[in-house]
Amino acid sequence: FYFYSAPENFNEEMLRGKRVIVTGASSGIGEQMAYHLARMETHLLLTARTEAKLQKVVERCLELGAASARYVSGSMEDTTFPEVLVKEAENTWGGLDMLILNHIGQSYFTYFNGDVGHVRKLLETNFLSYVAMTVSALPMLKESEGSIVVVSSIAGKAGSPFIAPYAATKFALDGFFSSLRHEFIIDKVNVSITLCILGYINTESAVRSVSHAIHGTPAPKEECALEIIKSGALRRRELHYPAGAVASTLLLRDIAPEFLDSLIRKNYKLENIKRT
Ligand SMILES: NC(=O)C1=CN([C@@H]2O[C@H](COP(=O)(O)OP(=O)(O)OC[C@H]3O[C@@H](n4cnc5c(N)ncnc54)[C@H](OP(=O)(O)O)[C@@H]3O)[C@@H](O)[C@H]2O)C=CC1
Ligand SMILES: C[C@H](CCC(=O)O)[C@H]1CC[C@H]2[C@@H]3C(=O)C[C@@H]4C[C@H](O)CC[C@]4(C)[C@H]3CC[C@]12C
């Protein structure tokens, strides 16, 4: 309770002039993080697949006051791309202060249909590329005593129906990065790891995928993006956003897991879930 209710002492100046990579920055929460970071006068390197969208986000970032902003487009399905991206940061800035890992590949929202190939592909995009980005960026982050921010989901802490492949990738992130955090502390590596546990957020893609099938109102992406940045800057272990919804899910998961499961299932409009 103490950790998650500690007084806020975030100051936007903490980020002024910092060199930040944001993945999945062409839309949704990643795009909103880019705009907040631009207002805080950071140097930005943005990435996603769609060049036309990234161009627009970069333009807006420069208007909002970014110290500099550029993009590299590419797919995280391509196993060589994480290193290319980090090299770009190294060549441009000669260092890196914050790595925000936020992208996700497209997934189905329905009963698991046995498509192992899809699970494998999603693990590459949503999990292994996060590991590869971390490995490539670590020398620069050690040098700057910087931060790694990993955007995950409540679906990576408690099982939910209709998103089995996606949930697997998010549980994997927790396993990997929570273990790595221990090793950093044991080895006195002063690089923070912040795992962001998010509930339902009103990004276009999430609302399009699930609004017909889920009860409840999504939380705003702009506030969510700011909370992620604050948690990273404050070097927090985990962010829970929206706080109440995530905290109650985690508490019930530990003290009454079957009751939580029944509540989760009640959250879905089952008649609106189509089988593939
Ligand atoms: N919205 C929500 O309700 C929740 C979101 N989250 C997490 O928040 C993060 C952001 O989600 P959200 O903003 O909703 O997602 P969006 O779908 O809006 O954004 C996803 C981003 O990833 C990029 N992307 C997609 N495929 C690839 C790929 N193969 N290689 C590289 N980049 C890719 C997209 O751009 P492009 O298509 O141009 O490549 C886009 O910039 C994710 O980690 C998600 O798991 C967690 C819980 C809830
Ligand atoms: C409805 C869920 C929370 C309620 C519960 O108690 O289970 C949402 C919590 C996390 C959401 C998913 C998520 O992590 C992001 C995905 C992004 C994709 O673009 C599609 C939508 C998500 C599967 C999204 C769906 C709602 C949640 C499961």
Side-chain angles (χ1 to χ4, degrees), residues 22-34 46-57 71-79 81-82 84-85 100-110 121-130 132-133 149-171 173 195-222 224-225 227-228 239-242 245-246 248-250 252-253 259-269 273:
V22 184
T23 72
S26 66
S27 64
I29 298 164
E31 178 184 359
Q32 297 306 316
M33 286 195 278
L46 308 180
T47 188
R49 292 168 307 172
T50 319
E51 190 165 2
K53 287 192 195 168
L54 286 170
Q55 260 167 8
K56 285 193 183 144
V57 178
Y71 68 84
V72 179
S73 58
S75 174
M76 293 288 181
E77 275 175 45
D78 170 0
T79 53
F81 186 63
V84 170
L85 182 64
I100 304 184
L101 298 168
N102 163 77
H103 62 277
I104 43 167
Q106 206 176 342
S107 192
Y108 317 114
F109 183 76
T110 185
K121 196 162 119 181
L122 211 59
L123 277 167
E124 189 63 61
T125 308
N126 292 9
F127 172 59
L128 292 173
S129 71
Y130 281 46
M133 287 288 298
V149 176
V150 177
V151 181
S152 187
S153 167
I154 189 64
K157 289 278 191 187
S160 299
F162 314 123
I163 51 171
Y166 169 84
T169 69
K170 293 302 192 184
F171 270 83
L173 289 174
L195 186 68
C196 303
I197 308 302
L198 309 182
Y200 185 22
I201 311 298
N202 70 356
T203 62
E204 251 181 71
S205 66
V207 170
R208 194 184 330 114
S209 310
V210 300
S211 59
H212 62 287
I214 274 178
H215 297 287
T217 311
K221 61 186 176 191
E222 298 81 0
C224 174
E227 290 305 313
I228 294 173
L239 163 71
H240 294 170
Y241 180 88
V246 174
S248 52
T249 302
L250 295 184
L252 285 178
R253 182 198 62 174
F259 177 57
L260 174 65
D261 284 354
S262 69
L263 288 184
I264 288 176
R265 286 192 295 273
K266 281 205 184 95
N267 213 3
Y268 291 82
K269 300 175 196 167
I273 310 286

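Order of listing sets the numbers, starting from 1, for every ligand and every atom in it. Side chains are part of it too, since the values below use all heavy atoms of this structure and drop only hydrogens, waters and symmetry mates.
Counting protein heavy atoms under 4.0 angstrom from atom 24 (C) of ligand 2 gives zero. Proximity of atom 27 (C) of ligand 2 to the protein is not indicated, since no non-hydrogen protein atom lies closer than 4.0 angstrom.
For atom 21 (C) of ligand 1, the closest heavy atom belonging to the protein is Gly24 CA, 3.5 Å. Ranking the protein heavy atoms by distance from atom 17 (O) of ligand 1 puts Ser205 OG, 2.7 Å first. Among all non-hydrogen protein atoms, the one lying nearest atom 6 (O) of ligand 2 is Ile264 CG1, 3.6 Å. Residue, atom and distance of the protein heavy atom nearest to atom 9 (C) of ligand 1 are Asn102 OD1, 3.1 Å. Summary of contacts: the protein heavy atom closest to atom 44 (C) of ligand 1 is Tyr166 OH, 3.5 Å.
Where the criterion is an N or O separation shorter than 3.5 Å, residue side chain and backbone included, Ser75 meets it with respect to ligand 1. For ligand 2, none of its N or O atoms has an N or O atom of Thr249 under 3.5 Å away.
Using a 4.0 Å cut-off to heavy atoms of Ile154, the atoms of ligand 2 that qualify are 9 (C), 10 (C).
Ring pair Tyr130/His103 is tilted by interplanar angle, where 30° to 60° counts as tilted.
Comparing Ser153, Ser160, Ala155 by heavy-atom distance to atom 7 (O) of ligand 2, the nearest is Ser160.
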